[in-house]
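Here's the structure we're looking at; comments come further down.
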Protein chains: 2
Amino acid sequence: MELDETDRKILRILQSDARTPFSEIARRIDMSSATVHDRVGRMEDAGVIEGYHAKVNAKAVGYGVSALVGLRVEQGREEDALEQLREIEGVTEIHLTTGEWDVMLKVAAADTDSLRDLMFDRVANMEGFSRSQTMIILGTDYETDGLPI
Amino acid sequence: MELDETDRKILRILQSDARTPFSEIARRIDMSSATVHDRVGRMEDAGVIEGYHAKVNAKAVGYGVSALVGLRVEQGREEDALEQLREIEGVTEIHLTTGEWDVMLKVAAADTDSLRDLMFDRVANMEGFSRSQTMIILGTDYETDGLPI
DNA sequence: GTTGAAAAAATATTGAG
DNA sequence: CTCAATATTTTTTCAAC
């Protein structure tokens, strides 16, 4: 799908606040809200907009520790490994990467004890597991609302 | 702020679809929409809900390559480095981590050329830079809408 | 805290340029 | 594609339990 500058403006607004009323988006980009409605619908259908998500404070819901985890997986066992990783509660992202690690995870856990359980009981025991490195996130300095559009 | 099971149900719904009408949330959790409205407002005020963001397909807006980047920063130059990193367009996350790297970035770029420019011209030239490792994301296997609540 | 009901505002739809 | 007008829904407010 081709996006013009109007579409991009709408995306910028929805990326920073997904609950902005169409009427206000319309005011800001100087078009009617029917047009905004139409364009948003088309971008949703085309998969340009993949969803709308509330960002929840991790600590408020009991997640005190986050980490990035690098994983080496045995050759030929990648699919097995991924399947098991997807089942682990607390694993919020699974990326396949080049470089030192085959897989990079982002995980959330209640505390360090629970992170240890996650890593030792679940990750290290899965089939195809080779080795891992856990990088605990001491703090997130900065996080954009999404992409620079 | 204390969250009860009702709050958590609301968070789950908004995390998976931030534009779900309060009236529908009310139906699903079997309460009035006035209650949902009240609770959402309080969670917003308390910082439990940090925002609502549209998820935009990176390729659709011209970002063909993403990477995780590990960085070593010279002792005592951390603040300088972070300040510069925040200014680099395409850097979408900056985490301070334990382990092999001091800082982990998530970056988005149009293509590998543009990623090279980002890394060589911007990141590698910044003050306090020591060394880095770029892990190109070949694919994202799985990404939850947020935290398991 | 919760609710139903009223008022205000927003979204969805339609038809035409 | 865009718009104005209309119909439908939702959000917001508020008195009352």
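Being a predicted model, the structure only gives us computed values, none of them experimental. Every heavy atom of this structure was used, including side-chain atoms; hydrogens, water molecules and symmetry mates were not.
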On a heavy-atom basis, the closest approach of Ala67(A) and Thr134(A) is CB-CG2, 3.9 Å
Which heavy-atom pair separates Glu127(A) from Gln84(A) by the least distance, and what is that distance?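 Shortest heavy-atom contact: N-OE1, 3.1 Å.
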Using atom [atom1] of [X] as one end and atom [atom2] of [N] as the other, report the distance to the nearest whole Å.
{"X": "Lys9(A)", "N": "dT2(D)", "atom1": "NZ", "atom2": "P", "value": "12 Å"}
{"X": "Ile10(B)", "N": "dG1(C)", "atom1": "CD1", "atom2": "C1'", "value": "12 Å"}
{"X": "Leu14(A)", "N": "dT11(C)", "atom1": "CG", "atom2": "P", "value": "10 Å"}
{"X": "Arg42(A)", "N": "dA12(C)", "atom1": "CZ", "atom2": "P", "value": "15 Å"}

Can we say [X] and [Y] salt-bridge, meaning some charged N sits less than 4.0 Å from an Asp/Glu carboxylate O?
{"X": "Glu24(A)", "Y": "Arg28(A)", "value": "yes"}
{"X": "Glu44(B)", "Y": "Arg39(B)", "value": "no"}
{"X": "Asp45(B)", "Y": "Arg42(B)", "value": "no"}

Could you tell me whether the side chain of Arg122(B) reaches within less than 4.5 Å of the side chain of Asp117(B), counting heavy atoms only? no
Counting distance only, does the side-chain N/O of Asn125(B) pair as donor-acceptor with the main-chain N or O of Asp121(B) below 3.5 Å?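 Answer holds: yes.
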One character per nucleotide, please: for nucleotides 3-17 of chain D, 5' to 3', B when the base has a protein heavy atom closer than 4.0 Å, S when only the sugar-phosphate does, - otherwise. BB-----SSSB----
For the helix from dG1(C)-dC17(D) to dG17(C)-dC1(D), what angle lies between the axis at the first five pairs and the axis at the last five pairs, to 10 degrees? 30°
Output for pair (Asp145(B) CG, Leu14(B) CG), nearest 0.5 Å, gives 12.0 Å
